[in-house]
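Below is one structure, written out as structure tokens; the observations come after it.
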Amino acid sequence: MTSEYIRLEHISKSFGQTQVLKDLSASLHRGEILGFLGPSGAGKTTTIRILTGQLKATAGDAYVLDTHVKNIDETIYEQIGIVTDQSGVYERLTVYDNLRYFARIHGVALTYVDELLKRTELYEHKKKPAGKLSKGQMQRLVLARAVLHSPKVLFLDEPTSGLDPSTAQAIHQLLLELREAGMAIFLTTHNMEEATKLCDHVALLNNGQIVEYGTPEGLCLRYNQDKRYRVLLTDGTKLVLDKTRRMWSGFPGFSRRIRSTAFTPASPRWKVYF
């Protein structure tokens, strides 16, 4: 098997006379997070349903783990995890019993259940019925169930939508750990900040078309030409410089020990240090 876990080749999808996906092409490799970013109705969920064999594409080809999506069977489903707003749990069962049930289905050692509950910060709720969990706790349970069998590919359909910042941060941290472990993650979101934080590559969808594709940082730089540099001099002076780094070489007091920040209006986080 190659390191390319997902490949979309000119995928289109129509429902009657309405075309919802138009000539999509993209790929996802081992240890990467690919983000499909766009507003509601852009085609993000439809793409996941095609990749997981729930819908048939009208045109084009898609492959998951070197298998055409038309031929997906249980051998592929055993290697993928899915988190959507319809990912059900058994609400009358406890948190622990939900995971224990799916652990037995996947042949996962029960000792791993407690470990996963601790990683998702659900261990103290293990005896609580799933139906009594908060929205954030429920989402973490759904995610825990999806990664219980250590899938090679994880599909996430807006996993942090409607969650508080603290819960979203905990989920982000877990996703980054899974990526470092080699999992390929296909993420849909409408949040550019989330995509910038998590994704190696982003596809921007609008009306079913990929209108831009690249790294989050590259896309921000492409559309935000008003670059500025926030500079802290060694004597404590704070400055904001416009234009480019070339200005600095002739700036009085310039030092390689300067700590600086490059940022754009759409991406105000610190990016560069010297």
Side-chain angles (χ1 to χ4, degrees), residues 1-88 142 146 151-161 175 179 182-192 194-196 198-216 218-219 222-223:
M1 180 181 298
T2 67
S3 65
E4 185 180 63
Y5 282 1
I6 290 178
R7 185 167 77 255
L8 293 164
E9 296 179 347
H10 307 291
I11 289 292
S12 296
K13 177 63 180 178
S14 297
F15 294 101
Q17 299 300 314
T18 303
Q19 189 172 24
V20 295
L21 294 180
K22 306 171 186 177
D23 196 33
L24 302 189
S25 294
S27 63
L28 173 64
H29 293 77
R30 181 183 185 277
E32 289 184 349
I33 300 178
L34 171 63
F36 264 41
L37 178 70
S40 298
K44 305 185 299 294
T45 301
T46 299
T47 303
I48 284 184
R49 289 176 177 171
I50 289 174
L51 285 170
T52 54
Q54 300 174 67
L55 280 177
K56 291 183 178 180
T58 303
D61 297 288
Y63 300 85
V64 176
L65 299 175
D66 292 333
T67 300
H68 197 287
V69 292
K70 294 179 180 178
N71 301 319
I72 286 180
D73 56 19
E74 65 276 6
T75 62
I76 298 300
Y77 286 125
E78 289 173 354
Q79 301 178 72
I80 67 175
I82 306 173
V83 174
T84 71
D85 58 359
Q86 297 178 341
S87 296
V142 171
K152 293 180 178 179
V153 180
L154 179 62
F155 293 94
L156 301 172
D157 194 4
E158 301 192 0
T160 60
S161 178
L175 296 181
R179 180 185 68 176
M183 190 177 295
I185 301 175
F186 187 99
L187 169 74
T188 73
T189 181
H190 58 266
N191 187 329
M192 185 61 191
E194 180 172 66
T196 300
L198 296 177
C199 299
D200 297 283
H201 293 89
V202 172
L204 303 184
L205 267 69
N206 187 43
N207 294 324
Q209 289 182 297
I210 295 178
V211 294
E212 285 291 350
Y213 184 88
T215 65
L219 293 178
R222 188 179 306 170
Y223 288 99

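Residues take their numbers from the sequence shown, with the count starting at 1.
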Show the nearest heavy-atom pair for residues Thr196 and Pro216, with the distance to one decimal. CA-CB, 3.7 Å
With a 4.0 Å cut-off, would you call Asp61 and Arg7 a salt bridge? no
Given side chain to side chain contact (heavy atoms under 4.5 Å, CB included), test Thr215 with Asp200 step by step and report yes or no. CA-CA 6 Å; Thr215 65; Asp200 297 283; over 6 Å; no
Do you know the tightest heavy-atom contact between Leu24 and Gly208? CD2-O, 3.4 Å
Interatomic distance, Leu34 atom CG to Leu198 atom CG [nearest 0.5 angstrom]: 12.0 Å
Run the side chain to side chain contact (heavy atoms under 4.5 Å, CB included) check on Leu37 and Leu205 step by step: do they pass? CA-CA 6 Å; Leu37 178 70; Leu205 267 69; over 6 Å; no
Walk me through it: do Thr67 and Val64 pass the test side chain to side chain contact (heavy atoms under 4.5 Å, CB included)? CA-CA 5 Å; Thr67 300; Val64 176; 5.8 Å; no
Please check: side-chain N/O of Ser14 versus main-chain N/O of Gln17, any donor-acceptor pairing under 3.5 Å? no
Would you give the length of the straight line joining atom CG of Leu65 to atom CD1 of Ile6, rounded to the nearest 0.5 angstrom? 7.5 Å
Checking the side chain of Tyr5 only, and the main-chain atoms of Met183 only, is there a donor and an acceptor separated by less than 3.5 Å? no
Test side chain to side chain contact (heavy atoms under 4.5 Å, CB included) on Leu156 and Thr84 and set out the steps. CA-CA 6 Å; Leu156 301 172; Thr84 71; over 6 Å; no
Measure the spacing between CZ of Arg49 and CG of Leu55 and express it to the nearest 0.5 Å. 6.5 Å
Point-to-point distance, once rounded to the nearest 0.5 Å, from CD of Glu32 to OG of Ser27: 7.0 Å
Would you please say whether a donor-acceptor pair under 3.5 Å links the side chains of Asp157 and Thr188? yes
Quick check: does any side chain N or O of Arg179 sit under 3.5 Å from a backbone N or O of Cys199, one acting as donor and the other as acceptor? no
With sequence neighbours left out, write down each residue that passes ring pair (Phe, Tyr, Trp, His ring centres under 6.0 Å) with His68, or none if nothing qualifies. Tyr63
N-O pairing of Glu158 and Lys44 below 4.0 Å: yes
Distance, nearest 0.5 Å, that separates CZ of Phe36 from OH of Tyr213: 7.5 Å
Shortest non-hydrogen contact from Leu28 to Phe186? CD2-N, 3.9 Å
Nearest heavy-atom contact between Ile80 and Pro151 is C-CB, 3.5 Å
Do Asp23 and Gln209 touch side chain to side chain, with heavy atoms closer than 4.5 Å? no
Measure the shortest side-chain to side-chain distance between Leu51 and Phe155 over non-hydrogen atoms and say whether it is less than 4.5 angstrom. yes
Answer yes or no: is there a donor N or O on one side and an acceptor on the other, between the side chain of Ser25 and the main chain of His10, under 3.5 Å? yes
Rounded distance (nearest 0.5 Å) linking atom NZ of Lys22 with atom OG of Ser12: 9.5 Å
Using distance alone, with no hydrogens and no angle criterion, decide if Lys152 and Gln79 have a side-chain donor and acceptor under 3.5 Å apart. yes
Would you name the heavy atoms of Ile11 and Gly60 that are closest together and state the gap between them? CD1-C, 3.6 Å
Check the side chains of Asn191 and Thr189 for a donor-acceptor pair under 3.5 angstrom, ignoring hydrogens and angles. no
